Amino acid sequence: MLSPTKLISLTLVLLASTASAAKSDLCSHFTVISHRGFSGRAPEESKLAYLLAADLHTDYLEMDIQRTKDGVLIANHDNTFARTTNIAQVYPTRVNDQISTFTWDEISKLETGIWFNTKFPPFASPKILGSAILKLEDVVRVSLTHPNHPGLYIESKSPELYPGIEKEIVDLLEKTNAFKKVKVIFQSFDSGSLEKFKELRPEIPRVYLTEESWQKLQKNELNTAIKVGNGIGPDFKTVPPSELSSFLHQAHASKQMVHFWTVDDLETMNILIQAKADGAFTNRTDLLLEACKRMNENDIESAIAKRLK
Ligand code: G3P
Ligand code: CA
């Protein structure tokens, strides 16, 4: 028999866990996509950024895939290495040269940790120094070997520069058995690229990215997404708050999921979760997991410390 005090405590605990479960339920539909890995705490598209995101049980590791001069698929957002690497020191005459003019061997000499530590002093760490550009196969390896097996959310970046890249991506995922072992989504701003993925592996979901205005988004862009894939990825800033629910309703009625990019503030995260968007790309994997009540701040910080301290 429980004492009245214990009974009250137990009731409070149960109420708290019910509230938490309700919030988790509210978020059960919502996909957390770690944009360039947990890029708020480690250099974008680095091994550390992907490992940290995986440690935190993210749903997907997001990456931008391009191709080197000698045909290696690499993860890098920009078309050059000027912004995020020490290329000015390593290849001073080639700072603004396109990725496709570098061999893998040349790229492997670049470093991204100095840039991160300088740009984000609060999160600088000696463990971040020495971060390197990754091959696609390196990111796939994180997904396959990490115990949490995050999915792979793969963008064909500037595919017009890399004819045939869709087949090369698919071939690598087949060779590594990634399609059988983890969730995969293809994404692109280029609808033609998504059509190529559709021809190669029609069963793998495809999300059409767009940065078009609200007027174009709800008409042409949604129609394009419907034609080439299973979802649309708009810049969240293009959807007026008053139109969010009806846009989601329109997309869902057309069997399209909606993954917004790139959402780094808690207020917008909560709005999207409550409006029943399907997910968001974020540089702040930590904040989105907190918003979803999937992890608390202490657990997040201790997971980060395990890798970085
Ligand atoms: O891929 C989703 C989002 O990342 C689109 O923007 O420019 O960061 O690739 P971007
Ligand atoms: Ca991207």
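Numbers for residues simply follow the sequence, beginning at 1. The structure displayed is predicted, hence computed values, not measured ones. Numbering of ligands and ligand atoms starts at 1, following listing order.
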The side-chain hydrogen bond (donor to acceptor under 3.5 Å, both in side chains) partner of Gln187 among Glu62, His259, Lys157 is Glu62
Within the heavy-atom cut-off of under 4.0 Å, ligand 1 is lined by His35, Arg36, Glu62, Asp64, His77, Glu155, Lys157, Gln187, Phe189, Leu209, Trp261, Phe281
- Should Lys69 and Asp97 count as an ion pair when the cut-off is N to O under 4.0 Å? no
Presence of salt bridge, Glu221 and Lys219, under 4.0 angstrom: no
query = Salt bridge between Asp138 and Arg141, side-chain N to carboxylate O under 4.0 Å?
reply = yes
May I ask you to say whether Glu195 pairs ionically with Lys227, meaning some side-chain N is under 4.0 Å from a carboxylate O? yes
For the Ca ion (ligand 2), the nearest N/O/S atom on Glu62 is atom OE2
Looking at Glu155, the N/O/S atom that lies nearest to the Ca ion (ligand 2) is called OE1
Query raised in the report: Salt bridge or not for Arg284 and Asp264, using N-O below 4.0 Å?
Result: no
Pair Arg41 + Glu301: basic N to acidic O under 4.0 Å:
yes
Which atom of Asp64 is nearest the Ca ion (ligand 2), counting N, O or S only? It is OD1
